[in-house]
Amino acid sequence: MVDGAGGKGSVGLVWARSTDGVIGADGGIPWHVPEDLAHFRTVTGTGTVLMGRRTWQSLPERFRPLPGRRNVVLTRDPAFHAEGAEVVHDLDAAIGQAQSAGGPVWVIGGGAVYQDALARADRIAETIVDVVVAGDTRAPTIDDAWELVEDGPWQESRTGTRYRFLEWRRR
Ligand code: VY7
């Protein structure tokens with residue numbers, strides 16, 4: 001995956017999931033793989049990151065907004081404010097707005113927003129983390145509308161956990 005991959009107008013989803021599809025537990029990510037955070041930063045580049053309100057609130061305050069990127073937060077709450085981010089109330093409007101601003105849009109979570117955005121997306125940057133953990137939030141299922149274009153090797157984190165990076169494109 002090249003730096004800030006995804007051309008103008010492209011909509012990508014980027015997630016890390018366990019072997020059996022867990023992406024979150026109790027408002028957090030139930031593993032620690034720093035190499036994935038570096039990958040996430042590389043993938044999202046200098047583009048727009050679009051996230052749901054719960055994902056925004058899950059970010060440690062010192063990383064809010066995610067630096068160097070336009071941060072957009074999706075919520076139904078008309079009174080919600082997010083310092084350093086734009087708040088939007090409609091997924092399609094958010095995507096359209098981000099696309100008109102030029103760069104790629106990366107949807108960074110969480111589960112509900114991935115589900116809704118999947119139909120609008122043309123690429124998925126997926127990290128598989130080789131753990132079996134309890135969770136309450138899952139990645140969407142990737143069906144045969146999607147072609148695997150990068151099938152990275154298993155690597156070992158400095159924390160000892162195995163992980164690999166995949167990339168999917170819509171056929
Ligand atoms: C979200 C953080 C969470 C907790 C502590 C630090 C893939 C990931 C996500 C979302 C990992 C997170 C962070 C990491 C990113 C840093 C800022 C600090 C940055 C996703 N593959 N992995 N995620 N930050 N959507 N997809 O851990 O962030 O980018 O600057």
Side-chain angles (χ1 to χ4, degrees), residues 1-6 10-75 82-86 91 94-95 98 103-118 120-131 133 135-142 146 148-159 161-169:
M1 171 84 59
V2 288
D3 180 39
S10 143
V11 178
L13 310 185
V14 55
W15 68 61
R17 66 158 174 93
S18 70
T19 309
D20 53 353
V22 168
I23 61 168
D26 287 333
I29 299 175
W31 51 77
H32 179 57
V33 178
E35 294 85 352
D36 174 64
L37 301 186
H39 176 71
F40 169 77
R41 200 173 305 120
T42 300
V43 168
T44 56
T46 57
T48 297
V49 288
L50 172 61
M51 72 198 90
R53 190 263 305 162
R54 291 179 187 179
T55 293
W56 169 262
Q57 288 178 324
S58 79
L59 294 172
E61 248 174 275
R62 67 186 185 283
F63 296 120
R64 266 175 17 198
L66 290 177
R69 287 145 287 186
R70 181 173 175 217
N71 285 230
V72 180
V73 179
L74 185 61
T75 176
E83 183 92 42
E86 291 163 55
L91 178 68
I95 288 173
V105 184
W106 284 99
V107 176
I108 66 166
V113 179
Y114 290 136
Q115 281 295 350
D116 288 349
L118 185 63
R120 317 280 188 277
D122 56 16
R123 65 192 65 216
I124 300 170
E126 180 176 49
T127 303
I128 302 179
V129 180
D130 189 21
V131 292
V133 286
D136 51 33
T137 312
R138 289 178 176 271
T141 304
I142 298 174
W146 294 88
L148 185 62
V149 295
E150 271 184 54
D151 188 7
W154 284 106
Q155 303 182 66
E156 189 172 322
S157 170
R158 63 176 166 79
T159 63
T161 302
R162 287 177 357 124
Y163 65 94
R164 65 192 182 108
F165 300 137
L166 309 183
E167 190 182 343
W168 303 83
R169 295 277 170 80

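For the numbers below, each heavy atom of this structure counts, side chains included, while hydrogens, waters and symmetry mates do not. All ligand and atom numbering here is 1-based and tracks the order in the structure.
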Student: Distance check, rounded to the nearest 0.5 Å: Leu148 atom CG versus Ile142 atom CD1?
Tutor: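 Reported value, rounded in 0.5 Å steps: 8.5 Å.
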Student: Describe, in one word, how the ring planes of His39 and Phe165 are oriented to each other, choosing from parallel (under 30°), tilted (30 to 60°) and perpendicular (over 60°).
Tutor: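 Plane angle under 30°, so parallel.
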Student: Counting only heavy atoms and a distance below 4.0 Å, can you name the residues contacting ligand 1?
Tutor: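 Residue list for ligand 1: Val14, Trp15, Ala16, Ile29, Asp36, Leu37, Phe40, Arg41, Leu59, Pro60, Phe63, Leu66, Pro67, Arg69, Ile108, Tyr114, Thr127.
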Student: Residues two or more places apart in sequence or in another chain: which of them pass side-chain contact (heavy atoms from CB on, under 4.5 Å) with Arg138?
Tutor: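 For Arg138, the residues satisfying side-chain contact (heavy atoms from CB on, under 4.5 Å) (neighbours in sequence not counted) are Val22.
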Student: At what distance, to the nearest 0.5 angstrom, does OG1 of Thr75 lie from CH2 of Trp56?
Tutor: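 Taking OG1 in Thr75 and CH2 in Trp56, the distance rounds to 12.5 Å.
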Student: By side-chain contact (heavy atoms from CB on, under 4.5 Å), which residues pair with Thr159, not counting sequence neighbours?
Tutor: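 Listed in chain order: His32, Pro34, Ser157, Thr161.
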Student: State which residues pass side chain to side chain donor-acceptor pair (under 3.5 Å) with Arg70; sequence neighbours excluded, sorted by chain then number.
Tutor: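 Listed in chain order: Glu86.
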